[in-house]
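Everything on this sheet refers to the single structure shown next.
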Amino acid sequence: MRAGPNDRVRRQLMRDAVSDNLETIRGLPPRSVRPVPRAGGVWTRRLPLLLIPVTLLGASYLVSEPPILRTVRQPTAAVLHTAMIDSTEPVKAAAFPLAVRRVILDAGHGGKDAGALSSSNLSEKEITLDIERRLQALLKQQGFEVVATRNDDRMIPLRERARLANSSEGDIFVSIHVNSLRTHINSHGIETYYLGPTKDPLLTQLAAEENGTSGYSIADLRKLLDRVYADVRRDESHRLASAVQQQLFANLQTIDPGLENWGIKRAPFIVLVATDMPAVLAEVGCLSNEREAVMLKNPQYRQQIAQALFRGISEYAKKGT
Amino acid sequence: MAEILHVGIDLGTSRSAISASNGERFVVDSFVGWPADMVAKKILKRNVLIGHEAVANRTMLELHRPLERGLLKEGSDKDVEAVRELLRHLLGLVGVKKNGKVDSGNVRAVVGVPAAALRTNKQYLRNSMKGIVDSLMIVSEPFAVAYGLNALLHTMIIDIGAGTTDFCVMKGRYPTEEDQRTLTVAGDSIDAHLLKLIEERYPQANVTMFMVREWKEKFSFVGQPPQRAMVTAPVKGVPTELDITNEIKAACETILPPVVETMLDLLSRVEPEFQERVRNNIILSGGGGLIKNLPRALEDALKQVGGGKVTYMEDPVFVGSDGGLALALDAPDSDWERLSA
């Protein structure tokens, strides 16, 4: 019996639904928000994969005697065809063990901008730089390339940090900060931000404080924000934020059982908005809590934080391949 | 041949529904609670309580509502565990064992999520369902509704849930971002408004969100009141009858402007020659479909663009899960094998 038009529509819808799910499983962004301009880059990265069979077959072709040529040529077409079909599949982890190669690390504040201060005058800028250095060592040990926005105690405008991250062509951007609460000084927890709007007035205030040295005008900021929302980068930043927050909380809670999980949140921090790659800002502790300020002074605890951040980044990198 | 159970699940912020190929259908409140201490555990004699039982015993529980705006809350292991417990419970109700199997067979599930759910939200849900079902397909909730009703062409679905209101225009193709919208004005925002309005009018009354939700479900309406909404609540400890008719009307009508605006905006994006057909095929589903006079209010709004017809689903609670089940049954075995959880 011939299928009616409605049956054909149902079958087509089913195929589309299945295909959409398979793309989710492979971790591809939705079709409508895939970054078209980078498609060339993707093909460039995959070209070596295509060239492998071509080169091997080409070599066989050259070293073979004429009578064997015909038998070599037939599989050439078949193998090339297979290679072309495979090339539309996502790149396997085994082919690129490090889809995330270059990590941009950003130690918050610096120089005359000390950031938050504890009651014993321990500054945010000094903690973030120390954790960044420890994290940098861990990442390099595992073969990641690392670019740091600052390597010493100097003030670098946020705009300059974003520019450096973009010109270095980093794959991901991780900004390290330490919280300080004016009220609720008994609370202490960790939270990770990724880019996006927020309706929370407290987060708006926090973003205003962190964005204080941006060097961008309001008009610039508007333009930057306008380009954010349809960007596939938000999806990836969200995934990176989830991985970092989960590892930070899971690892640090074993040392400090009272630590609170404040989750992942959206906020328009300049370093998240103006960077081109998936970007997160991790508030790895809370200096306004005296007990935690003591812990943050301890180099061993800072090493634990660096290790947790490292695990989060690795987790993200692993799933991304 | 191994027995296979197909299920459609509408994982909702407030309620979750399941429809199974063995004919079973259940709906539960999306609450999961663990006894708060040893005393509570001894009284309740259970490790975990789900749905209405959890709400009823909430004072003894660490209560979780694991979905927010129709999506899993992220970054909290307890909420992930809560959603897994909820899913296990739903599947258990339709006869699935705790290991996710039906006797020696398989479980294939279609789960509806808000139209605006991101790829990462879906991946997160997929990860959370590992080990609970064998194969999983995630689709947008209004698409599941449309598929179940066979309303695939020139139709608009408006699915008003607790956390989100989802819109989807069906054009005979798998809906893209431009065919769908999600608003966060929905049942929960009505509850929040209603609570605020009651507290303003009766500052001495002791009212909780759970009471407000129950009253809304009983009396919700827009336009002319079908009856007086009289409820009982303690005022300074004394049970007192309160008239909340005006408050119910005001709270329910807060969703009208954004819903109307989105409906008209989506209609304006339909090709001109099909607009009239879509205007006359608007389907209201979800718990919000139970708000009295809402279809008429939407039809009034449609008059400014030439008029239209809004149909209200008589069984809005299961319309999403039934649609998911229809998808699950139609998907060929070869596709299910590729969608293993």
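All heavy atoms count here, side chains included; hydrogens, waters and symmetry mates do not. In what follows, chains are A, B, ... by sequence order, proteins preceding strands, each numbered from 1.
- Residues satisfying the salt bridge (Lys or Arg N to Asp or Glu O under 4.0 Å) test with A:Asp256, not counting sequence neighbours, are A:Arg291.
- One finds the CG atom of B:Asp330 at 5.0 Å from the CZ atom of A:Arg10 (value rounded to the nearest 0.5 Å).
- Atom CD of B:Glu276 has 12 or fewer heavy atoms from other residues, nucleotides or ligands within 6.0 Å.
- Residues satisfying the salt bridge (Lys or Arg N to Asp or Glu O under 4.0 Å) criterion with A:Arg311, sequence neighbours excluded, are absent altogether.
- Here the side chains of A:Arg15 and B:Tyr174 are not in contact, with every heavy-atom distance at 4.5 Å or above.
- In this structure, chain A has heavy atoms under 4.5 Å from both the backbone and the side chain of B:Arg338.
- In this view, A:Asp16 satisfies the salt bridge (Lys or Arg N to Asp or Glu O under 4.0 Å) rule with no residue, not counting sequence neighbours.
- Residues A:Met14 and B:Ala331 share a closest heavy-atom pair of CE-N, 3.5 Å.
- Contact residues of residues 135-144 of chain B toward chain A are B:Leu136, B:Met137, B:Ile138, B:Val139, B:Phe143 (heavy-atom distance under 4.5 Å).
- A 4.5 Å side-chain heavy-atom check between B:Arg173 and A:Val9 finds every atom pair outside the cut-off.
- Residues A:Leu13 and B:Met170 meet the side-chain proximity criterion, which asks for heavy atoms closer than 4.5 Å.
- For CD of A:Gln12, the number of neighbouring non-hydrogen atoms (other residues, nucleotides, ligands) closer than 6.0 Å is greater than 12.
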